[in-house]
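Each residue takes its place number in the sequence, starting with 1.
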Amino acid sequence: MNKKNIPYIIGIILLAVLIVIIWPKKSKAEKAFLEKHHLNGLSFEEMVEYLDNNIDEKTGFKAAINGKTLMLSDSNNQFTYELPKNKFYLSIAPYINDTHPCSNHNLVTCRGELVNKTISVLVTDTSGKVIVDDEYTSGDNGFFGIWLPKNMKGNISVTYQGKTASAAITTYADSNTCLTTLELK
């Protein structure tokens with residue numbers, strides 16, 4: 001072994017020891033946080049779906065999603081998770097009479113008008129390729145979420161009880177994750 005490499009080897013060993021000492025503390029805190037809020041063991045997509053439909057805002061728990069991250073916090077902890085590679089979450093609340101302005105979806109406090117309603121959704125990219133053609137049921141919060149490919153421009157059209165609304169959408173890191181401007185007519 002070359003004597004010049006000894007400081008590098010010692011540095012690597014010290015770094016490894018430091019990681020072993022520090023890493024479990026964060027992992028334990030994070031695991032406890034996820035268990036406390038019934039999120040432990042869920043995939044990223046399952047976590048977002050659960051949060052969008054099951055958290056009472058009176059608990060003080062906060063969850064917001066943008067084009068890059070999911071941010072979770074309570075009175076004691078805060079954790080940030082990167083969105084899965086090549087995926088974008090768009091939360092949608094079409095309306096007939098009442099809406100609110102929103103750019104990045106708050107999975108706990110955002111509320112839409114059409115609660116527990118089945119809505120037909122068609123999403124196409126700019127070339128006309130169908131990305132989504134399905135029915136979704138809004139949750140108790142009046143929203144439903146869809147996972148789309150990241151870095152796409154397209155159009156969304158929603159239909160409910162014969163009423164339709166359409167809008168242009170994008171799924172870039174700086175794109176809105178909350179769509180509340182679809183007025184059904």
Side-chain angles (χ1 to χ4, degrees), residues 37-39 42-74 79-84 86-126 129-185:
H37 298 292
H38 310 288
L39 301 170
L42 299 179
S43 71
F44 189 94
E45 291 87 348
E46 290 169 335
M47 199 171 3
V48 170
E49 183 179 340
Y50 177 82
L51 292 168
D52 218 4
N53 291 295
N54 294 298
I55 300 295
D56 182 354
E57 63 185 289
K58 295 173 189 162
T59 65
F61 183 84
K62 295 178 184 167
I65 191 165
N66 62 35
K68 297 176 190 174
T69 59
L70 170 66
M71 295 143 293
L72 306 178
S73 65
D74 61 15
F79 296 98
T80 301
Y81 302 91
E82 287 190 25
L83 264 68
N86 301 321
K87 288 190 174 187
F88 183 91
Y89 185 73
L90 181 62
S91 194
I92 305 158
Y95 73 100
I96 297 170
N97 298 307
D98 190 36
T99 191
H100 67 280
C102 188
S103 56
N104 287 316
H105 185 55
N106 184 311
L107 294 108
V108 178
T109 61
C110 276
R111 296 289 179 259
E113 174 185 352
L114 302 176
V115 174
N116 300 313
K117 305 297 182 193
T118 300
I119 299 163
S120 296
V121 178
L122 177 66
V123 176
T124 56
D125 67 13
T126 54
K129 178 182 173 190
V130 174
I131 307 299
V132 174
D133 186 0
D134 209 347
E135 289 188 337
Y136 291 85
T137 301
S138 60
D140 290 342
N141 62 359
F143 278 83
F144 63 91
I146 59 175
W147 287 98
L148 297 168
K150 197 168 230 163
N151 301 323
M152 165 194 120
K153 288 183 183 180
N155 190 64
I156 185 168
S157 179
V158 296
T159 303
Y160 170 70
Q161 293 187 343
K163 298 178 182 200
T164 302
S166 297
I169 59 169
T170 59
T171 64
Y172 298 106
D174 62 350
S175 296
N176 292 346
T177 59
C178 192
L179 182 57
T180 59
T181 58
L182 293 168
E183 182 180 7
L184 294 158
K185 295 180 181 183

Undergrad: Let me see the working for Val130 and Val123 under side chain to side chain contact (heavy atoms under 4.5 Å, CB included), right down to the final yes or no.
TA: CA-CA 6 Å; Val130 174; Val123 176; over 6 Å; no

Undergrad: Roughly how far, to the nearest 0.5 Å, is OG1 of Thr164 from CD1 of Ile119?
TA: 11.5 Å

Undergrad: Just do the side chain to side chain contact (heavy atoms under 4.5 Å, CB included) check on Leu182 and Thr180 with the steps written out, would you?
TA: CA-CA 6 Å; Leu182 293 168; Thr180 59; over 6 Å; no

Undergrad: Under the 3.5 angstrom rule, does the side chain of Ser138 hit a backbone N or O of Lys117 as a donor-acceptor pair?
TA: yes

Undergrad: Do you know which two heavy atoms are closest between Glu135 and Thr118, and how far apart they sit?
TA: OE1-CG2, 3.7 Å

Undergrad: Would you call Lys62 and Asp74 a side-chain contact if the rule is heavy atoms closer than 4.5 Å?
TA: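 No, every pair of side-chain atoms sits at 4.5 Å or beyond.
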
Undergrad: How long is the span from the CG atom in Asn104 to the OH atom in Tyr89, to the nearest 0.5 Å?
TA: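 These two atoms lie 13.0 Å from each other.
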
Undergrad: Is the backbone of Val121 close enough, under 3.5 Å, to the side chain of Asp134 for a donor and an acceptor to pair up by distance?
TA: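 A pair under 3.5 Å: no.
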
Undergrad: Show the nearest heavy-atom pair for residues Thr171 and Pro149, with the distance to one decimal.
TA: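 Scanning both residues, the minimum pair turns out to be OG1-O, 2.7 Å.
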
Undergrad: Below 4.5 Å, heavy atoms only, C-beta onward: do Leu122 and Ile156 meet side chain to side chain?
TA: no

Undergrad: Compare all side-chain heavy atoms of Leu70 with those of Thr80 and state whether any distance is below 4.5 angstrom.
TA: no

Undergrad: Working to the nearest 0.5 Å, report the span between CG of Leu114 and CZ of Phe143.
TA: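 Separation between the atoms: 10.5 Å.
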
Undergrad: When you compare the side chain of Tyr95 with that of Tyr160, does any pair of heavy atoms fall below 4.5 Å?
TA: no

Undergrad: Is the shortest side-chain heavy-atom distance between Thr69 and Tyr81 below 4.5 Å?
TA: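 Contact flag for Thr69/Tyr81 side chains = no.
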
Undergrad: I'd like to know whether NZ of Lys150 has more than 12 heavy-atom contacts from other residues, nucleotides or ligands below 6.0 angstrom.
TA: yes

Undergrad: Nearest 0.5 Å please: distance from the CZ atom of Arg111 over to the CG atom of Asp98.
TA: 13.5 Å

Undergrad: For a quick test of reading the model, state the closest non-hydrogen atom pair linking Glu82 to Phe44 and the distance between them.
TA: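 Smallest heavy-atom distance, with atoms named: O-CE1, 3.5 Å.
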
Undergrad: Please determine whether side chain to side chain donor-acceptor pair (under 3.5 Å) holds for the pair His105 and Asn176, giving the CA-CA distance in whole Å, both sets of side-chain angles, and the decisive distance to 0.1 Å.
TA: CA-CA 8 Å; His105 185 55; Asn176 292 346; over 6 Å; no

Undergrad: Any salt bridge linking Lys87 with Glu45? Criterion: basic side-chain nitrogen under 4.0 Å from a carboxylate oxygen.
TA: yes

Undergrad: I'd like to know if the side chain of Asn106 and the backbone of Cys110 have a donor-acceptor N/O pair within less than 3.5 Å.
TA: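 No: the side chain of Asn106 does not pair with the backbone of Cys110.
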
Undergrad: Stepwise, does the side chain to side chain contact (heavy atoms under 4.5 Å, CB included) test hold for Thr99 with Thr181?
TA: CA-CA 7 Å; Thr99 191; Thr181 58; over 6 Å; no

Undergrad: What are the two closest heavy atoms between Gly142 and Ala93, and how far apart are they?
TA: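 Closest heavy-atom pair between Gly142 and Ala93: O-CB, 3.6 Å.
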
Undergrad: Within the side chain of Glu183, is there an N or O that forms a donor-acceptor pair under 3.5 Å with the backbone of Pro94?
TA: no

Undergrad: Can you name the closest pair of heavy atoms from Ile65 and Val48 and give their distance?
TA: CD1-CG2, 4.1 Å

Undergrad: Which residues satisfy the ring pair (Phe, Tyr, Trp, His ring centres under 6.0 Å) test with Tyr136, sequence neighbours excluded?
TA: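 Here the qualifying residues are Phe144.
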
Undergrad: If you look at every heavy atom in Tyr172 and Phe88, which pair is closest and at what distance?
TA: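 Smallest interatomic distance, heavy atoms only, reads O-CE1, 3.3 Å.
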
Undergrad: I'd like to know whether CD of Glu49 has more than 12 heavy-atom contacts from other residues, nucleotides or ligands below 6.0 angstrom.
TA: no

Undergrad: Would you confirm whether Ser157, through its side chain, and Ser166, through its main-chain N or O, come within 3.5 Å as a donor-acceptor pair?
TA: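 No, because the side chain of Ser157 does not come within donor-acceptor range (under 3.5 Å) of the backbone of Ser166.
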
Undergrad: With rounding to the nearest 0.5 angstrom, report the CG to OG1 distance, Asn155 to Thr126.
TA: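 Atom-to-atom, Asn155:CG and Thr126:OG1 are 10.5 Å apart.
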
Undergrad: Examine distances only and state if a side-chain atom of Ser43 and a backbone atom of Glu46 form a donor-acceptor pair shorter than 3.5 Å.
TA: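 Side chain of Ser43 to backbone of Glu46: a pair is present.
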
Undergrad: Could you walk me through whether Leu51 and Leu72 pass the side chain to side chain contact (heavy atoms under 4.5 Å, CB included) test, one step at a time?
TA: CA-CA 10 Å; Leu51 292 168; Leu72 306 178; 3.5 Å; yes

Undergrad: Contact between Val158 and Ser120 at the side-chain level, heavy atoms closer than 4.5 Å - yes or no?
TA: no

Undergrad: Do Ile169 and Leu148 have side-chain heavy atoms sitting under 4.5 Å apart?
TA: yes

Undergrad: Any side-chain heavy atom of Glu113 within less than 4.5 Å of one from Asn97?
TA: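 Yes, their side chains come closer than 4.5 Å.
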
Undergrad: Rounded to the nearest 0.5 Å, how far does CE of Met47 lie from NE2 of His38?
TA: 14.0 Å

